[in-house]
Amino acid sequence: MVDVLLFAELQEKAGSEKLSIEADGVTVKELKKQLLSTYDLDNINHAMIAVNEEYANEATVLAKGDVVAFIPPVSGG
Amino acid sequence: MVDVLLFAELQEKAGSEKLSIEADGVTVKELKKQLLSTYDLDNINHAMIAVNEEYANEATVLAKGDVVAFIPPVSGG
Amino acid sequence: MEKNFWLTSEPIEINDVISKVVRPEAGAINTFIGTVREFTKDKRTLYLEYQAYVPMAEKKLQEIAEEIEVKWKDTKTAIAHRTGRLEISEVAVAIAVSTPHRKDAFEASRYAIERIKEIVPIWKKEHWEDGALWIGDQKETKSYKEQLPTKEE
Amino acid sequence: MEKNFWLTSEPIEINDVISKVVRPEAGAINTFIGTVREFTKDKRTLYLEYQAYVPMAEKKLQEIAEEIEVKWKDTKTAIAHRTGRLEISEVAVAIAVSTPHRKDAFEASRYAIERIKEIVPIWKKEHWEDGALWIGDQKETKSYKEQLPTKEE
């Protein structure tokens with residue numbers, strides 16, 4: 001299982017800030033597909049990806065216990 | 001009589017922060033000459049001039065009660 | 001351990017941020033403070049809400065400071081960012097950079113706020129009289145004419 | 001009457017300066033703080049002494065704010081400058097400028113400090129281990145290689 005963190009608009013759309021998903025050994029890209037099949041999260045394709053608090057790309061292969069965060073365009077400051 | 005204000009190095013050279021000088025009706029340029037004949041104030045020629053708290057030039061004619069300040073190169077901030 | 005980069009749900013005290021960068025080697029401190037603006041053109045903001053991915057955001061703030069140290073030598077940086085609900089005029093972000101010379105302080109502080117808007121996982125939701133919206137990318141280097149107004153647009 | 005431009009022989013509280021420019025129309029506040037630096041290259045400063053032509057200096061600070069209002073619209077500026085003896089790391093000057101957008105805040109604040117160094121009748125005397133000197137013009141736009149080091153050189 002991996003933890004999936006959602007923020008801002010994505011969090012509201014999913015109705016959850018954290019999901020536990022079976023995605024050990026799969027890529028982030030595949031995880032996104034899986035999420036899109038369950039949740040109305042079109043904007044996830046505009047989000048950056050972080051794995052274990054570091055920016056990562058879609059090709060990253062996930063391991064058990066990883067924390068994947070989808071980072072919509074940021075607007076701090 | 002006009003009041004003459006001196007600052008920084010000029011004040012130290014003259015040993016005074018304020019002089020009362022008979023200069024009614026004369027120009028600042030003449031006042032400077034008068035000061036140079038009495039005090040060791042060579043650097044007064046590098047000073048800006050203010051009359052009644054506004055920058056002025058050497059040609060300004062002084063009136064009784066005016067306050068003339070000699071402003072060495074500033075170094076605030 | 002001294003923490004120079006932090007998110008907080010409490011009001012930010014500017015002095016807490018500035019005091020972290022005061023030092024004998026510095027002759028200049030530049031501080032940038034982002035506050036909640038009430039009007040953008042004619043649109044009135046009621047309040048803002050900031051959400052953050054806190055541990056990653058604090059890490060990214062620290063990375064920005066490290067980037068600054070590479071770009072301008074002998075700098076010290078501290079940054080605090082607020083989370084939660086913010087009323088008009090409250091401080092959303094406070095950046096302080098100290099340097100020996102003033103030019104670097106201005107440049108580094110400006111760099112910090114621009115980088116925050118690029119890489120730090122913090123999101124702002126604007127609440128207006130007629131609705132609310134999570135605001136996207138608001139870097140000043142791009143045009144957002146087609147989007148809703150944001151604090152800095 | 002609110003005084004937004006002042007000289008003081010007491011330590012400057014940054015918050016006193018910042019609080020004067022906070023307002024609902026502002027989204028950005030830039031603050032520049034000049035502090036007493038201990039070392040300039042290898043030369044050690046023990047302390048500084050600032051002298052000012054106080055009434056004229058306060059008037060000139062206000063004029064700088066008026067210049068800023070002309071150059072960048074919708075700004076609010078406050079400036080405090082210290083006089084007397086200052087120890088290392090003490091605040092010599094604090095400038096705060098609030099604007100709707102951050103770019104203007106940075107530019108206007110930078111303008112303010114440069115103008116202070118041009119037109120405001122305030123003088124600094126540096127005290128080193130081997131002497132003391134009233135420091136002249138120290139605008140960063142000129143070269144002072146031939147002169148003694150100054151805070152900002």
Side-chain angles (χ1 to χ4, degrees), chain A residues 1-21 23 27-29 31-32 34-36 38-77, chain C residues 7 32-37 48-64 79-83 86 91-95 109-110 112-126 132-140 142 144 147-153:
Chain A
M1 301 289 272
V2 301
D3 283 336
V4 174
L5 305 182
L6 299 169
F7 296 96
E9 199 188 324
L10 295 175
Q11 183 178 107
E12 289 183 359
K13 287 267 187 177
S16 180
E17 61 186 53
K18 187 172 167 181
L19 307 169
S20 278
I21 296 197
T27 62
V28 172
K29 189 169 183 165
L31 169 65
K32 270 167 77 167
Q34 208 176 315
L35 286 167
L36 281 166
T38 318
Y39 299 95
D40 174 23
L41 289 178
D42 286 355
N43 278 338
I44 207 167
N45 287 318
H46 298 123
M48 291 189 285
I49 297 146
V51 176
N52 302 328
E53 301 176 5
E54 281 301 335
Y55 287 112
N57 62 40
E58 286 199 329
T60 308
V61 177
L62 298 169
K64 187 183 167 191
D66 276 351
V67 178
V68 184
F70 290 98
I71 315 268
V74 303
S75 50
Chain C
L7 276 81
F32 178 78
I33 302 163
T35 57
V36 180
R37 195 176 60 212
L48 295 186
E49 199 185 328
Y50 280 96
Q51 192 182 84
Y53 182 11
V54 175
M56 183 170 167
E58 292 184 344
K59 224 189 254 187
K60 290 291 152 193
L61 291 177
Q62 176 152 9
E63 275 181 35
I64 291 171
I79 308 175
H81 201 296
R82 183 80 182 276
T83 58
L86 275 78
V91 174
V93 63
I95 299 164
S109 168
R110 181 78 201 267
I113 183 65
E114 301 303 332
R115 284 297 274 161
I116 286 171
K117 289 172 185 287
E118 284 172 358
I119 66 163
V120 181
I122 300 174
W123 301 271
K124 173 172 73 176
K125 190 174 191 175
E126 289 239 24
L133 194 69
W134 286 103
I135 303 300
D137 181 341
Q138 51 173 2
K139 297 194 292 288
E140 280 192 345
K142 290 188 191 170
Y144 296 91
Q147 298 189 9
L148 280 161
T150 68
K151 181 162 67 87
E152 288 290 343
E153 169 66 14

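All values below were derived from every heavy atom in this structure, side-chain atoms included, with hydrogens, water molecules and symmetry-related copies excluded. Lettering of chains follows the sequences in order, A, B, ..., and the numbering in each one begins at 1.
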*asked:* Heavy-atom cut-off 4.5 Å, strictly under: side chain, backbone, both or neither for A:Ile71 against chain C?
replied: both
*Where does C:Ile116 contact chain A at under 4.5 Å (heavy atoms): side chain, backbone, both or neither?*
both
*Donor-acceptor pair, C:Lys124 side chain versus C:Trp134 backbone, under 3.5 Å?*
no
*Can you check whether A:Gly77's main-chain N or O pairs, donor with acceptor, with C:His81's side chain at less than 3.5 Å?*
yes
*Considering only heavy atoms and a distance below 4.5 Å, find which of A:Glu12, A:Gln11, A:Met48 pairs most often with chain C.*
A:Glu12
_With rounding to the nearest 0.5 angstrom, report the NZ to CD1 distance, C:Lys117 to C:Ile122._
10.0 Å
*With distance as the sole test, does C:Trp123 use its side chain to make a donor-acceptor pair with the main-chain N or O of A:Phe7 at under 3.5 Å?*
no
*Part of C:Ala52 lying under 4.5 Å from any heavy atom of chain A*: backbone
*Are the side chain of A:Glu17 and the backbone N or O of A:Leu6 linked by a donor-acceptor pair below 3.5 Å?*
no
*Can you say whether C:Glu63 sits under 4.5 Å from chain A via the side chain, the backbone, both, or neither, judging by heavy atoms?*
side chain
